[in-house]
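Treat the numbers as computed from the prediction; the structure is a model and nothing was measured.
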Amino acid sequence: MPTTPATAAHSSSNGTAEAIMLELVDENGTTIGTAEKLAAHQPPGQLHRAFSVFLFDEQGRLLLQRRALGKYHSPGVWSNTCCGHPYPGEAPFAAAARRTYEELGISPSLLAEAGTVRYNHPDPASGLVEQEFNHLFVGMAQERPAPDSEEVGETAFVTAEELAERHARSPFSAWFMTVLDAARPAIRELTGPSAGW
């Protein structure tokens, strides 16, 4: 994984990973504390800050990723370009750009806020719960993805029609349709009406 100022601040000096902390929030998105990442996802789940990124190419195709099989949460399923959690005190926009680079080797262009959405999605396969206050971002992918294999199994650019076909036959993350639907107005503004989003 590439080292950035944020990741360097969250790695221990002896090379072992520190517990990853998430920002707990109230229903209005106001920070109320922190919790360890896995603990925050244990049933019934603790409401925490998250982000979801949707990047498109110049043809208006969405960049999807299939989560790596080694992920403890939702492994091997398709999802949006990138999603994750800001570190406590980290701006969601900065976290979205950071994780997109760490996971996919892409620095998004024209990255813009696309609202927020709050949801509660249990994941039957893992038993974990996504209780998230999610900050949405849309932008352009003008570089070829270079995924970190520990994070991403594969990537694909899809049209709206191809996404519908893929979604009908392949497993997707529990949160995918919720965040996609919430981001659609900003996606349409970015890609234009002809892209079909």
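Formation of a donor-acceptor pair under 3.5 Å by the N134 side chain with backbone atoms of S52 is found in this model. Judged by distance alone, with hydrogens and angles left aside, the side-chain atoms of W197 form a donor-acceptor pair with the main-chain N or O of G60 at under 3.5 Å. Judged by distance alone, with hydrogens and angles left aside, the side-chain atoms of T191 form a donor-acceptor pair with the main-chain N or O of I187 at under 3.5 Å. Proximity of a side-chain donor or acceptor of T81 to a complementary backbone N or O of L63 within less than 3.5 Å is detected. One N or O on the side chain of D57 and one on the backbone of Q59 form a donor-acceptor pair closer than 3.5 Å.
Residues H85 and Y87 place their aromatic rings such that the two centres sit no closer than 6.0 Å.
No chain of hydrophobic side-chain contacts below 4.5 Å, direct or via other Ile, Leu, Val, Met, Phe, Trp or Tyr residues, connects V53 to L163. Under the 4.5 Å side-chain heavy-atom criterion for grouping Ile, Leu, Val, Met, Phe, Trp and Tyr, M140 is connected to V158 within one hydrophobic cluster. Following chains of ILVMFWY side-chain contacts shorter than 4.5 Å, one can reach W78 starting from Y119, so the two form part of one hydrophobic cluster. Taking hydrophobic clusters as Ile, Leu, Val, Met, Phe, Trp and Tyr residues chained together by side-chain heavy-atom distances below 4.5 Å, V152 does not share a cluster with Y101. Under the 4.5 Å side-chain heavy-atom criterion for Ile, Leu, Val, Met, Phe, Trp and Tyr, L62 and F157 are members of distinct hydrophobic clusters.
Two residues are said to be in side-chain contact when any heavy atoms from C-beta on lie closer than 4.5 Å; N80 and L180 fail this criterion. Residues E36 and L38 form a side-chain contact, since some pair of their non-hydrogen atoms from C-beta on lies under 4.5 Å apart. At least one side-chain heavy atom of Y72 sits less than 4.5 Å from a side-chain heavy atom of H41. The shortest distance between side-chain heavy atoms of F133 and P92 does not fall below 4.5 Å. At least one side-chain heavy atom of L64 sits less than 4.5 Å from a side-chain heavy atom of R166. You'll find the side chain of R118 reaches within 4.5 Å of the side chain of Q131, heavy atoms only. Between L22 and K37 the shortest side-chain heavy-atom distance falls below 4.5 Å. You'll find the side chain of L55 reaches within 4.5 Å of the side chain of L111, heavy atoms only.
Checked options F54, F93, F56; the residue passing with F137 is F93 (criterion: ring-ring contact (aromatic ring centres under 6.0 Å, His included)). Checking each of Q65, R99, R67 against E151 for a side chain to side chain donor-acceptor pair (under 3.5 Å) leaves exactly one that passes, namely R99.
Here the CD atom belonging to E90 is positioned 11.0 Å from the CZ atom belonging to R49, to the nearest 0.5 angstrom. Atoms OG and CD, from S126 and Q42 in turn, are 9.0 Å apart once rounded to the nearest 0.5 Å. For the atom pair E103 CD and C83 SG, the distance stands at 7.0 Å (nearest 0.5 Å). The distance from atom NE2 of H73 to atom CG of L128, rounded to the nearest 0.5 Å, is 5.0 Å.
Nearest heavy atom pair, residue K71 against residue P75, reads O-CB, 3.2 Å. Contact record, S79 with W175: OG-NE1, 3.3 Å, taken as the closest heavy-atom pair. Taking each heavy atom of A35 and Q46 in turn, the nearest pair found is CB-OE1, 3.6 Å. The minimum heavy-atom distance between A50 and P86, with the atom names listed, is CA-CD, 4.0 Å. The shortest heavy-atom contact between Q142 and S109 is OE1-OG, 2.9 Å. The shortest non-hydrogen separation linking A186 to A114 is CB-CB, 3.4 Å.
Relative orientation of the H167 and F172 rings is tilted, given thresholds of 30° and 60° on the angle between their planes.
A salt bridge is absent between R61 and E162; no separation between the charged side-chain nitrogens and carboxylate oxygens falls under 4.0 Å.
Within a 6.0 Å radius of CD in E143, other residues, nucleotides and ligands contribute more than 12 heavy atoms.
For the 3.5 Å distance criterion, the side chains of E132 and H48 qualify, holding a donor opposite an acceptor.
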Tell me, with the steps shown, if H135 and E113 meet side-chain contact (heavy atoms from CB on, under 4.5 Å). CA-CA 8 Å; H135 297 256; E113 294 182 14; over 6 Å; no
